[in-house]
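FYI, the numbering just counts along the sequence from 1.
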Amino acid sequence: MKIVYSFAFIFLLGTSAFSQSYFGDSQNQIRVSASSEIQDAANTLSNKGLDADEMEIARFLNQAGFGYTRDYVQNFKTAYSFESWIDEQLDIPETLLTEQMWHNWDRILERHEDNFNKHLANILIYRQMSASQIDQDSIAPPLSVDEVEEERERYLENIFGPYALHFNNVWWEEMLTSEAQLRQRMAYALSQIFVISSNSLLGDEAEALTSFYDILLRHAFGNFRDLLEEVTYSPAMAFYLSHLNNPKAIPEQNIHPDENYAREIMQLFTIGLYELNKDGTRKQDSAGNDIPTYNNNDIKEMARVFTGLGPGELDRRMYEAGQIDWTDEAYFGLDLYAMSKEDPLIMYQEWHDIGAKSLLNGLEIPANQAGNTDIGMALDYLFNHPNTGPFICRQLIQRFVTSNPSPSYIDRVASIFNNDGTGTRGNLGAVIKAILLDPEARECHYIQEPGYGKLSEPLLRHIFLSKMATLVPFFYYEDISFTSYDSAGIVVTLVEEFGDDISDIIDYWHNGYESFENLRQYTLMSPTVFNFYLPDHQPVGDIQAAGLVAPEYKIHDSSSSVNYLNTIFNGVGNPWWNNLWWNYHDRFTQINPKYNRYTEIFENKGIEAFIHHLDIEFTYGNMSDELREILRQFNRDVPNWVENEQIAKYLIYLTMISPDYTVNK
């Protein structure tokens, strides 16, 4: 009896004080979780209901990917350790977006062609309406075959793209279906450091966006120096930060090198504004002042380094289509419209400043070198600068684990950046592994610290819903044919069908714009080069008073908060609007999220087991007693006529709008 009483006491402490508590030293922990299946000491002794391991796995997967189900968690438990899962993810090759985007675009062109009959039917109906307005008995004459073919030719040319919409589509597709979740999450994190945005003229060029994102995917686990070079020579980055066709100074014509990229590669991509210790704290001079890493003269000198870069190739698709008829090769000054958005920039030596350059307290670039050599020396210097490790690693920790990593956490990860154990500097695969396996990421006692954790990005919360539901595509369109080319000859067949698989529709499912408008966030849609939020953003109030930062709160306001509630409600709780997102592309399409597996748990196991299931999948063991009671009370108060499926969805909704879910600990 004594041993039964002791375990019962531990269980009560675990449920009343915390969702998950630890007892014993770090080597011999007793894990206790608030499982509804624990009803007596025998269950505890047999390990039935002790789900702390699942909660730890769920917490890890929440940090490392875009979403998971409990089935995946349970499979993980028997198949992986945290380290072996990371190692497997590091070995999964990248799937690049550009190739898939062009595949999707070809399908869109096919659909556009298929939709000509609908377009033609509208013309015939309009002609008849116009004739009837003149004379009710008048019948518009049919179009001739030649007139139909002329209209077909005009129609087929009247399509714009691929543009930002088609990047958004393919990004969502890959994020939702790819097995390489860690690579996708790392590329997403890097996109918030190396920022370009479709909220510019890049929005007209899907190929520029996908090609840039492919750089992030390729180098997500590669070497930071290689990433830095590809970003520098990227047409999209060069256009966005204006070092594309950046000429050497010609004073008599008042031409001077553009300083934009020179500034941002230092401020945002490598060394930051102030000299840092390896633990991310700022160095200070003898007077106690922060020490700037560079000054205005350094910017001017660095701008001279990045002169002479121009297009590497023509846009061959446009050239072969006859849309470029004034040249058959790329040249310095050719704009983004006509140049290749996939091929890296090349150096046009005659436009490069070949003078000596002295900057950054130690970077001496001699005169008369090739432009690429100058750039290589600058990139090497920035890559090897002692600031780069802590500056980049702190931001990556913020994107994956916590907004306020301790100096020791930053120091440990920056040490891996500096040397991965084999003498290699800048190994991003080793860096992300160090971030996710660090004690501050894995040991749960950090959860109790007030400054630990982060507000989950609204886009990640949105994605999570899509990953948890079973997504069923639905099509509704009109199949149109003709017996003659007048309004009387139109034959319309209404088609309604469910797809067998989400791949039937996902290539043009999510347009991204609604997420940006409602939630203030979507990939590569930042309003500025400074991302959606700065890493040091401090919301006014308790967080600022405590000396903490909370970047994501920059886009968390009354508008985005209410829009988030409505977005999740429409996706989960609204019984009259049971679709997530839809998009017109020659036909009406809809995604129907199904929550059958949740309904089955609720019906077969009851409210306590259902809450416990939500705790593992949505709050990974951190569900508060307050939220548990809210969910129980809702279940007690809901009218009898409400179906179990709808109750289950409302409980999911209440969980997803709670602090327990929106704040990651």
Trainee: State the OG-CG distance between S340 and L345, to the nearest 0.5 angstrom.
Mentor: 9.5 Å

Trainee: Check R183 against P93 and note the closest heavy-atom contact, atom names and distance.
Mentor: NE-C, 4.2 Å

Trainee: Ring-plane angle category for Y163 and H166, please: parallel below 30°, perpendicular beyond 60°, tilted otherwise.
Mentor: perpendicular

Trainee: Measuring from L182:CG to L436:CG, what's the distance to the nearest 0.5 Å?
Mentor: 6.0 Å

Trainee: Check whether any side-chain N or O of S526 sits under 3.5 Å from a backbone N or O of S197 as a donor-acceptor pair, and report yes or no.
Mentor: no

Trainee: Is the side chain of T69 donor-acceptor paired with the backbone N or O of Y72 at a distance under 3.5 Å, no angle test?
Mentor: yes

Trainee: Is there a donor-acceptor pair closer than 3.5 Å between any side-chain N or O of Q89 and the backbone N or O of E179?
Mentor: yes

Trainee: For G67, does its backbone N or O pair with a side-chain atom of N62 as donor and acceptor, under 3.5 Å?
Mentor: no

Trainee: Could you check whether any side-chain heavy atom of L334 comes within less than 4.5 Å of a side-chain heavy atom of N245, counting everything from C-beta outward?
Mentor: no

Trainee: Quick one: do T655 and E617 satisfy side chain to side chain contact (heavy atoms under 4.5 Å, CB included)? Show the steps, please.
Mentor: CA-CA 10 Å; T655 301; E617 283 200 347; over 6 Å; no

Trainee: Which value, rounded to the nearest 0.5 Å, describes the distance between T662 atom OG1 and I568 atom CD1?
Mentor: 10.5 Å

Trainee: To the closest 0.5 Å, what do you measure between CG (L519) and CD1 (I555)?
Mentor: 8.0 Å

Trainee: Would you check if Q538 and L548 make a side-chain contact, meaning some heavy-atom pair closer than 4.5 Å?
Mentor: no

Trainee: Is there a side-chain contact between T98 and Y213, using heavy atoms and a 4.5 Å cut-off?
Mentor: no

Trainee: Output the distance between atom CG (D615) and atom CE (M623), rounded to the nearest 0.5 Å.
Mentor: 5.0 Å

Trainee: Could you check whether atom CG of D106 has more than 12 heavy atoms from other residues, nucleotides or ligands sitting under 6.0 Å from it?
Mentor: yes

Trainee: Return yes when atom CD of E626 has more than 12 non-hydrogen atoms of other residues, nucleotides or ligands closer than 6.0 Å, and no otherwise.
Mentor: no

Trainee: Okay, side chain of H219, backbone of L428: is any donor-acceptor separation there less than 3.5 Å?
Mentor: no

Trainee: My understanding is that only one of W171, Y513, F516 makes a ring pair (Phe, Tyr, Trp, His ring centres under 6.0 Å) with Y522; could you say which?
Mentor: W171

Trainee: Which is it for D557 and S560 under the side chain to side chain donor-acceptor pair (under 3.5 Å) test, yes or no, and what are the steps along the way?
Mentor: CA-CA 5 Å; D557 55 27; S560 62; 3.1 Å; yes

Trainee: Taking side chain as C-beta onward, heavy atoms only, is N168 less than 4.5 Å from M525?
Mentor: yes

Trainee: Using a 3.5 Å distance criterion without hydrogens, assess whether the side chain of K341 forms a donor-acceptor pair with backbone atoms of L336.
Mentor: yes

Trainee: Set out, in order, the CA-CA distance, both residues' side-chain angles and the distance that settles side chain to side chain contact (heavy atoms under 4.5 Å, CB included) for L217 and Q184, then state yes or no.
Mentor: CA-CA 7 Å; L217 288 168; Q184 291 292 331; 3.6 Å; yes

Trainee: Between Y533 and Q398, is any side-chain donor less than 3.5 angstrom from a side-chain acceptor?
Mentor: no

Trainee: Is the backbone of V663 close enough, under 3.5 Å, to the side chain of S456 for a donor and an acceptor to pair up by distance?
Mentor: no

Trainee: Between Y240 and E264, does the side chain to side chain contact (heavy atoms under 4.5 Å, CB included) criterion hold? Intermediate values first, please.
Mentor: CA-CA 11 Å; Y240 189 64; E264 307 310 355; over 6 Å; no

Trainee: Is the shortest heavy-atom distance from the side chain of E174 to the side chain of L97 under 4.5 Å?
Mentor: yes

Trainee: Could you walk me through whether R597 and H613 satisfy the side chain to side chain contact (heavy atoms under 4.5 Å, CB included) test, starting with their C-alpha distance in whole Å, then the side-chain angles of each, then the deciding distance to 0.1 Å, before giving a yes or no?
Mentor: CA-CA 11 Å; R597 65 188 182 90; H613 187 92; 3.9 Å; yes

Trainee: Report yes if some heavy atom in the side chain of T388 is under 4.5 Å from a heavy atom in the side chain of F417; otherwise report no.
Mentor: yes

Trainee: Considering all heavy atoms of both residues, which atom of V195 and which atom of M237 are nearest to each other, and what is their separation?
Mentor: O-CE, 3.7 Å

Trainee: I'd like to know whether H462 forms a ring pair (Phe, Tyr, Trp, His ring centres under 6.0 Å) with Y564, so could you lay out the CA-CA distance, the side-chain angles of the two residues, the decisive distance to 0.1 Å, and finally the verdict.
Mentor: CA-CA 8 Å; H462 197 193; Y564 170 72; 8.1 Å; no

Trainee: Are the charged groups of R218 and E230 less than 4.0 angstrom apart, N to O?
Mentor: yes

Trainee: Can you check whether I265's main-chain N or O pairs, donor with acceptor, with T270's side chain at less than 3.5 Å?
Mentor: yes

Trainee: Per the side chain to side chain contact (heavy atoms under 4.5 Å, CB included) rule, which among E552, M186, R185 passes with R399?
Mentor: E552

Trainee: Taking all heavy atoms of N246 and all of F306, pick out the closest pair and write down the distance.
Mentor: ND2-O, 2.8 Å

Trainee: Less than 4.5 Å apart, any side-chain heavy atom of F66 and any of L176?
Mentor: no

Trainee: Do R316 and D343 meet the salt-bridge criterion of a basic N to acidic O distance under 4.0 Å?
Mentor: no

Trainee: Can you list the residues that meet the salt bridge (charged side-chain N to carboxylate O under 4.0 Å, His left out) rule with K665, with sequence neighbours excluded?
Mentor: none

Trainee: So which atom in S178 and which in Q181 form the shortest heavy-atom distance, rounded to 0.1 Å?
Mentor: O-NE2, 3.0 Å

Trainee: Is a side-chain donor-acceptor pair under 3.5 Å present for T619 with D660?
Mentor: no

Trainee: Are there over 12 heavy-atom neighbours, none belonging to Q323, within less than 6.0 Å of that residue's CD?
Mentor: yes

Trainee: Can you tell me if S198 uses its side chain to pair, donor with acceptor, with the backbone of L524 under 3.5 Å?
Mentor: yes

Trainee: Work out which heavy atom in L90 is nearest to a heavy atom in G429; give both atom names and the distance.
Mentor: CD2-CA, 4.1 Å

Trainee: If the test is ring pair (Phe, Tyr, Trp, His ring centres under 6.0 Å), which one of F76, F464, Y620 qualifies with Y68?
Mentor: F464

Trainee: With side chains defined as the heavy atoms from C-beta onward, is the minimum distance between P551 and L455 less than 4.5 Å?
Mentor: no

Trainee: List the atom of L268, the atom of V529, and the distance in Å for their closest heavy-atom pair.
Mentor: CD1-O, 3.7 Å

Trainee: Please round to the nearest 0.5 Å and tell me the distance separating atom OG of S234 and atom CD1 of I196.
Mentor: 6.0 Å

Trainee: State whether the number of non-hydrogen atoms from other residues, nucleotides or ligands found under 6.0 Å of K554 atom NZ is greater than 12.
Mentor: no

Trainee: With sequence neighbours left out, what residues match R461 under salt bridge (charged side-chain N to carboxylate O under 4.0 Å, His left out)?
Mentor: none

